[in-house]
Amino acid sequence: MDGTVTPVGAPVLILLGPPGAGKGTQARMLEEKFGMVQLSTGDLLRAAVKAGTEAGRQAKAVMDAGGLVSDDIVIAILRDRLDAPDTLQGVILDGFPRNTPQAEALDLLLAEREQKIDAAISLEVDDAEMVTRISGRYTCAECGEGYHDQFKIPQKPGVCDACGGTDMTRRADDNAETVGSRLQAYHEQTAPLARYYRARGALHCIPAMDGIDDVAARLHAIVTSTRA
Ligand code: AP5
């Protein structure tokens, strides 16, 4: 990618896709390219767990088992985050909504803010690829930049390209057992959302088995065309 920032107003994008599809990776690239803000409910929940809040305590066991945290908790966390002023730059929803009640709640939250969804973009990847992507994933504990043992290696081993940090971590739910439950939750509860957004004329499906930059180019073309 060329590193230039393209202002696009205040779009609302949804990234759909199974665990490990590349939602977080692509959301961070979209942030850089278009100056929008990534809202990851997974990150917000992990922050609540780390902070030891009541919501975090309730969420932890469910996340460790690979299930979906209750809608009440996730919607409340997202509502608070949407109220922060930086979201006026436009948002990329990464990991939300994950079922029909959450999609309906999102429609209401956006209507209250006189906003609407520009595009729901589904990253299409085979299940077998998910396990490879998730089992090789690690992140910089200091800035959150994501890496992969095979597919995205820092230029200097063990040192974050983005911030120079050396504390790399792996997520507790990135193990073979939990990945199976997460994929099951995705197929049963999240995949049907494609129908929800297709019916509203907002759905875009893109092949996401190729390399990170190829997928990014497809996504950026959609974002640019929806804002034209
Ligand atoms: P969450 O944090 O949202 O996890 P997830 O959906 O399982 O998605 P991941 O973060 O694992 O994957 P990703 O698609 O972002 O992939 P990434 O870019 O890292 O949710 C965690 C848990 O929180 C859930 O299980 C649930 O319990 C709870 N939760 C969250 N939201 C909720 C909600 N709305 N309702 C209820 N519960 C909720 O990529 C993976 C790896 O692959 C990386 O290492 C990357 O470098 C590499 N990679 C990416 N793209 C490519 C590519 N094109 N080619 C090769 N490698 C690639």
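Both counts, for ligands and for their atoms, begin at 1 and track the order of listing. One is the number of the first residue; the rest follow in order along the sequence.
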Asker: Is the closest heavy atom of Leu123 to ligand 1 under 4.0 Å?
Answerer: no
Asker: Please work out, at 4.0 Å between heavy atoms, whether the side chain, the backbone, both, or neither of Asp214 comes within that distance of ligand 1.
Answerer: neither
Asker: Closer than 4.0 angstrom: is that true for some heavy atom of Ala21 and an atom of ligand 1?
Answerer: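 Heavy atoms of Ala21 do come under 4.0 Å of ligand 1.
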Asker: Answer whether the closest heavy-atom distance between the side chains of Arg137 and Tyr147 falls below 4.5 Å.
Answerer: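 Side chain of Arg137 against side chain of Tyr147, heavy atoms only: no contact under 4.5 Å found.
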Asker: Under a 4.0 Å heavy-atom limit, does Arg171 contact ligand 1 with its side chain, its backbone, both, or neither?
Answerer: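 For Arg171, only side-chain atoms sit under 4.0 Å from ligand 1.
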Asker: What about the rings of Phe34 and His220, do their centers lie closer together than 6.0 Å?
Answerer: yes
Asker: Could you note down all residue pairs passing side-chain hydrogen bond (donor to acceptor under 3.5 Å, both in side chains) where residues 151-165 supplies at least one of them, sequence neighbours left out?
Answerer: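 Every side-chain hydrogen bond (donor to acceptor under 3.5 Å, both in side chains) pair that includes a residue of residues 151-165, provided the two are not neighbours, is Glu145-Lys152.
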Asker: Checking Asp80 now: which residues fulfil salt bridge (Lys or Arg N to Asp or Glu O under 4.0 Å) with it, not counting sequence neighbours?
Answerer: none
Asker: Is the closest heavy atom of Gly146 to ligand 1 under 4.0 Å?
Answerer: no
Asker: Supply the atom-to-atom distance Gln38 CD to Asp94 CG, rounded to the nearest 0.5 angstrom.
Answerer: 5.0 Å
Asker: Starting at CG of Leu78, measure out to CG of Leu109 and round the result to the nearest 0.5 Å.
Answerer: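 Rounded to the nearest 0.5 Å, the CG-CG separation comes to 6.5 Å.
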Asker: How far is atom 18 (O) of ligand 1 from its nearest protein heavy atom, and which residue and atom is that?
Answerer: Thr25 OG1, 2.6 Å
Asker: Ligand 1 versus Tyr186, non-hydrogen atoms closer than 4.0 Å: side chain, backbone, both, neither?
Answerer: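 The answer is neither.
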Asker: Would you kindly specify which portion of Ile212 sits under 4.0 Å from ligand 1, judged on non-hydrogen atoms: side chain, backbone, both or neither?
Answerer: both
Asker: Looking at ligand 1, would Arg46 count as a contact under a 4.0 Å heavy-atom criterion?
Answerer: yes
Asker: Does ligand 1 have any atom sitting under 4.0 Å from a heavy atom of Gly20?
Answerer: yes
Asker: Do Arg171 and Arg46 have side chains that approach each other closer than 4.5 Å (heavy atoms only, starting at C-beta)?
Answerer: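 In contact.
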